[in-house]
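Below is one structure, written out as structure tokens, with a few remarks after it.
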Amino acid sequence: MSEYKGVMVLGEITEGKLAPITIELLGIGRRLANDLGEELSLLLMGGKAGVLAREAIAYGANKVYVAEDSLFDEYNSDTYTQWISNFCQKTMPSILLIGHTDIGCDLAPRLNGRLRGGLAMDAVNLSIDPSTKLLVSTRPIFGGNAYAKVVSRFARPQMATVRTKIFPPAERDDSRQGEIVSVAEKVDPSIIKAKVIDRIKEEFEGVKLEDAEVIVSGGHGIGSAKNFELLWELARLLGGTVGATRRACDEGWVPVTRQIGQSGKVVSPKLYIAVALSGAMSHIVGCLGSKCIVAINKDPEANIFNVAHFGIVADYKEVLPVLIEKFKEQRSP
Amino acid sequence: MHTIVCIKQVPDPEIPPAKFKIDPVAKKVIPPPGVPPVISVYDERAVEAACRLKDKHKGKITVLSLGSEKATDVVRHAISMGADEGYVLQDEAFENLDSFGTAYVLGKAIQKIGGYDLILCGRQAADWGAGQVGSILAEILGLPIITLACDIQVEDKKLKIKRILKDGFEIVEAPTPAVATVSSEIGLPRLPAGVALMLARRKQIPIWKAKDIGADLSELDPSKVHTEITEIFIPTRERKCEMIPGATPAEVATNLVSKLVKLI
Ligand SMILES: Cc1cc2nc3c(=O)[nH]c(=O)nc-3n(C[C@H](O)[C@H](O)[C@H](O)COP(=O)(O)OP(=O)(O)OC[C@H]3O[C@@H](n4cnc5c(N)ncnc54)[C@H](O)[C@@H]3O)c2cc1C
């Protein structure tokens, strides 16, 4: 197994730039590589991947592999799995880090199946065990009610998909030196079985959830799509947007893309107003990064009060309308 | 159209977090007393997806559950929703498997059943939630895999699957047979009718052992596990909630606004 060496990051490119998660992975990857006394490498794929290689070195990569093929510009599960598994069998990284992104969530488990490695999905912490030198990945289990530390003693590569915005971005240092290796192997398009024929971007009213500074989030207790209008009114007033729990999305009151939580979006606004939602851990993990959480719930025992900074035990229908009035008064003195 | 759905029985994930207990030494979760286990949420929606295909194209649904003998309950639940046949895969050798072991056993049973067009799994289990079985299964069977499906259509042996992305959706076309993992966005599962529940209760659910599906026990040897759990823990969080005082909703609202002005 000692023939497997080094930490490799699977890079992602968005709009011609290194994706934020890639810079985060280079940061934590650098730390792991230092702990092992091994190299940190990055794989970049895409028609114009080469122009980003220098920058990746500045972010801490010792080596950047560049696979310049415009077929990689759009993610395809079949080609990526095939090509990256071949590449890993040649380069033999001991650790392979992937973002817990649209691409990573689809690719990592399949790549793991092909490479027969050991994968932990949605890792929120990574470290090297000082005695065994194994990668230890911490990941949520039971919907975030608990966490497990996972290791892979026998299988290689040791893989993890890493949650976004958990690790700080790597610091850039343009004086760093590194090696750029261009990989000539092309992908064989004839292996494609599953083809993406259309992509539909959901148009958001106002700010995106991930960028919002204020989120008014509603749960099953809201009761109807119409009642959600009240949440929208407050959100608009505060320059924010509306999120929801899975139960509210299930009911069709709110588009599914507004779901917050473990299987939805992870947000970290300044203010998160949680209205008529119980605070299941699988929901909470999506908003724990908020600076301030306000809970409005008629059940004083609701779990949301265990994580909120401010709490109001009341029927939201009585509180929200006056709250909107008070904010209006405060905004226009 | 023959769809095979893989379903898992899990401790009810909807118990209040305060009731959730673990045994850190055994690295196990202590099932809440008196709360019966349930079908894993996403797996139930995978059964729903299969039922919608059957509503439209007729055909057959087979469900498979790897677990204890009690897993016959979730198989019966799937049958009451509209599945035709179901099997439980139970063997001492099937205990404590990782994702590779689970996918291997499911793959063996699927090969024994044969003649399928589509295999569905939930996107991840509601308990350990490794989120890998569907993809590894597809690799073992050499089939295309479409993850995070929220709508599945079939036309002329071709699948058209809508899958969920962080910022929207995409439509993927793939030939059958294929594997897909189903996400909750597909919508709520149907409630079985009383008659269906009664018929499901009477249904014979065969239990398949390792030898029945020709599983090679050396594949399941504990020394071959790909991942191991070394520790489980519940993060401690200090409760720091300040309850906003006020005799009327208006007073409460005023008090809250004054707390928040500095923030926004
Ligand atoms: C593997 C897994 C992943 C999951 N992922 C997610 C996820 O990503 N996001 C997510 O949200 N959920 C997720 N869930 C579901 C989660 O476990 C809960 O079921 C869900 O979050 C509950 O939604 P809720 O709080 O809206 O509903 P409930 O739990 O039913 O809570 C409703 C609350 O509203 C209160 N209420 C009712 N009426 C009023 C009123 N008039 N005024 C004030 N309060 C009122 C009630 O007191 C109650 O606390 C996941 C579950 C599993 C098993």
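Below, chains carry the letters A, B, ... as their sequence lines are ordered, and counting in each starts from 1. What you see is a predicted model; the values in this text were computed from it and never measured.
- Interface remark: A/Asn303 contributes side-chain atoms only to the contact with chain B (heavy atom separation under 4.5 Å).
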Exercise. Are A/Phe327 and B/Leu260 close enough, and set up right, to give a side-chain contact (heavy atoms from CB on, under 4.5 Å), and what steps lead you there?
Worked result: CA-CA 10 Å; A/Phe327 269 120; B/Leu260 297 180; 3.9 Å; yes
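- For B/Leu143, the part sitting under 4.5 Å from any heavy atom of chain A is the backbone (N, CA, C, O) and nothing else.
- Taking B/Val261, B/Ile234, B/Asp167 one by one and counting their heavy-atom pairs under 4.5 Å with chain A, the maximum is reached by B/Asp167.
- Rounding to the nearest 0.5 Å gives a distance of 7.0 Å between OG of A/Ser263 and CD of B/Glu185.
- We find the CZ-CD1 distance between B/Phe169 and A/Ile200 to be 7.0 Å, quoted to the nearest 0.5 Å.
- Side-chain atoms of A/Asp102 come within 3.5 Å of backbone N or O of B/Lys166 as a donor-acceptor pair.
- Here A/Gly117 is the residue among A/Cys249, A/Gly117, A/Gly118 with the most heavy-atom pairs under 4.5 Å with chain B.
- Residue pairs that meet the side-chain hydrogen bond (donor to acceptor under 3.5 Å, both in side chains) test with at least one member in residues 132-142 of chain B, sequence neighbours left out, are A/Arg110-B/Glu139, A/Asn112-B/Gln132, A/Arg114-B/Glu139.
- Between chain B and the options A/Val307, A/Leu271, A/Val319, A/Ile284, the largest number of non-hydrogen pairs under 4.5 Å is found for A/Leu271.
- Checked by atom type and distance alone, the side chain of A/His309 never pairs as donor or acceptor with a backbone atom of B/Cys241 at under 3.5 Å.
- What you find for A/Ser77 and B/Ile145 is that their closest heavy atoms are OG-O, 4.4 Å.
- In terms of non-hydrogen atom pairs under 4.5 Å with chain B, the most contact-rich of A/Lys291, A/Met281, A/Glu210 is A/Met281.
- Only the backbone of B/Ala126 comes within contact range of chain A, with at least one heavy atom under 4.5 Å from a heavy atom of that chain.
- Chain A forms more heavy-atom pairs under 4.5 Å with one residue of B/Arg123, B/Lys224, B/Glu231 than with any other, namely B/Glu231.
- Taking both residues in full, the closest heavy atoms of B/Ala253 and A/Lys326 are given as CB-CG, 3.8 Å, listed atom of the first, atom of the second, then distance.
- Annotation for B/Ile229 and A/Ala148: closest pair CG2-CB, 4.1 Å, computed over non-hydrogen atoms.
- The distance from the CG atom of A/Asn306 to the CD atom of B/Glu238 is 11.5 Å, given to the nearest 0.5 Å.
- Inter-residue side-chain proximity for A/Arg116 and B/Phe100 is flagged as met; some heavy-atom pair is nearer than 4.5 Å.
- Within the 4.5 angstrom heavy-atom criterion, atoms from both the backbone and the side chain of A/Val196 approach chain B.
- There is no contact between A/Glu213 and chain B, counting heavy-atom distances below 4.5 Å.
- Contact detail for B/Pro17 and A/Gly279: the closest heavy-atom pair is CG-O, 4.2 Å.
- What you find for A/Lys149 and B/Phe233 is that their closest heavy atoms are CE-CE2, 4.1 Å.
- Two residues are said to be in side-chain contact when any heavy atoms from C-beta on lie closer than 4.5 Å; A/Val294 and B/Leu256 meet this criterion.
- Residue A/Glu301 qualifies as open at atom CD: its count of foreign heavy atoms under 6.0 Å is 12 or below.
- Of all heavy-atom pairs between A/Gln259 and B/Ser184, the closest is OE1-OG, 4.3 Å.
- Here the side chains of B/Lys240 and A/Phe310 are not in contact, with every heavy-atom distance at 4.5 Å or above.
- Residue contact with chain B, scored on non-hydrogen atoms closer than 4.5 Å, is absent for A/Ile296.
- Using a 4.5 Å cut-off between heavy atoms, A/Arg139 touches chain B through its side chain atoms alone.
- In this structure, chain A has no heavy atom under 4.5 Å from any part of B/Val179.
- Most heavy-atom pairs under 4.5 Å with chain B, from the set A/Gln262, A/Lys270, A/Arg153: that is A/Arg153.
- No other option in B/Ala103, B/Ala130, B/Pro235 has as many heavy-atom pairs under 4.5 Å with chain A as B/Ala130.
- Per-residue counts of heavy-atom pairs under 4.5 Å with chain B were compared for A/Val256, A/Ile197, A/Val136, A/Thr101; the largest is that of A/Ile197.
- Listed in order of number, the residues of residues 148-163 of chain B that approach chain A to under 4.5 Å between heavy atoms are B/Lys160, B/Arg163.
- Contact of A/Lys193 with chain B is made through backbone and side chain together, with heavy-atom distances under 4.5 Å.
- A 4.5 Å side-chain heavy-atom check between B/Met243 and A/Phe305 finds at least one atom pair inside the cut-off.
- A/Leu119 places none of its side-chain heavy atoms less than 4.5 Å from the side chain of B/Thr227.
- The greatest number of non-hydrogen atom pairs below 4.5 Å with chain A, out of B/Ile171, B/Ile232, B/Leu188, is found for B/Ile171.
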For this session: Take A/Glu329 and B/Val257 through the side-chain contact (heavy atoms from CB on, under 4.5 Å) test and state the conclusion after the steps.
Result: CA-CA 10 Å; A/Glu329 285 170 20; B/Val257 171; over 6 Å; no
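- If you measure heavy-atom distances from A/Gln158 to chain B, you find no contacts under 4.5 Å at all.
- When the candidates B/Ile146, B/Val252, B/Val29, B/Val225 are compared by the number of heavy-atom contacts under 4.5 Å with chain A, B/Val29 comes out ahead.
- Of the listed residues (A/Glu251, A/Arg246, A/Glu325), the one with the most heavy-atom contacts under 4.5 Å to chain B is A/Arg246.
- A side chain to side chain contact (heavy atoms under 4.5 Å, CB included) with B/Pro249 is found for one member of A/Leu320, A/Ile312, A/Val322 and no other, namely A/Val322.
- Ranked by heavy-atom pairs shorter than 4.5 Å toward chain A, the options B/Ser223, B/Pro245, B/Ala178, B/Gly246 are led by B/Ser223.
- Neither the backbone nor the side chain of A/Ala314 comes within contact range of chain B; no heavy atom of the residue lies under 4.5 Å from a heavy atom of that chain.
- For a residue to count as touching a neighbouring chain, one of its non-hydrogen atoms must lie under 4.5 Å from one of that chain's; by this rule A/Leu323 touches chain B with backbone and side chain alike.
- Side chain of B/Thr230 to main chain of A/Val150: no donor-acceptor pair is present (N/O by atom type, distance under 3.5 Å, no hydrogens or angles).
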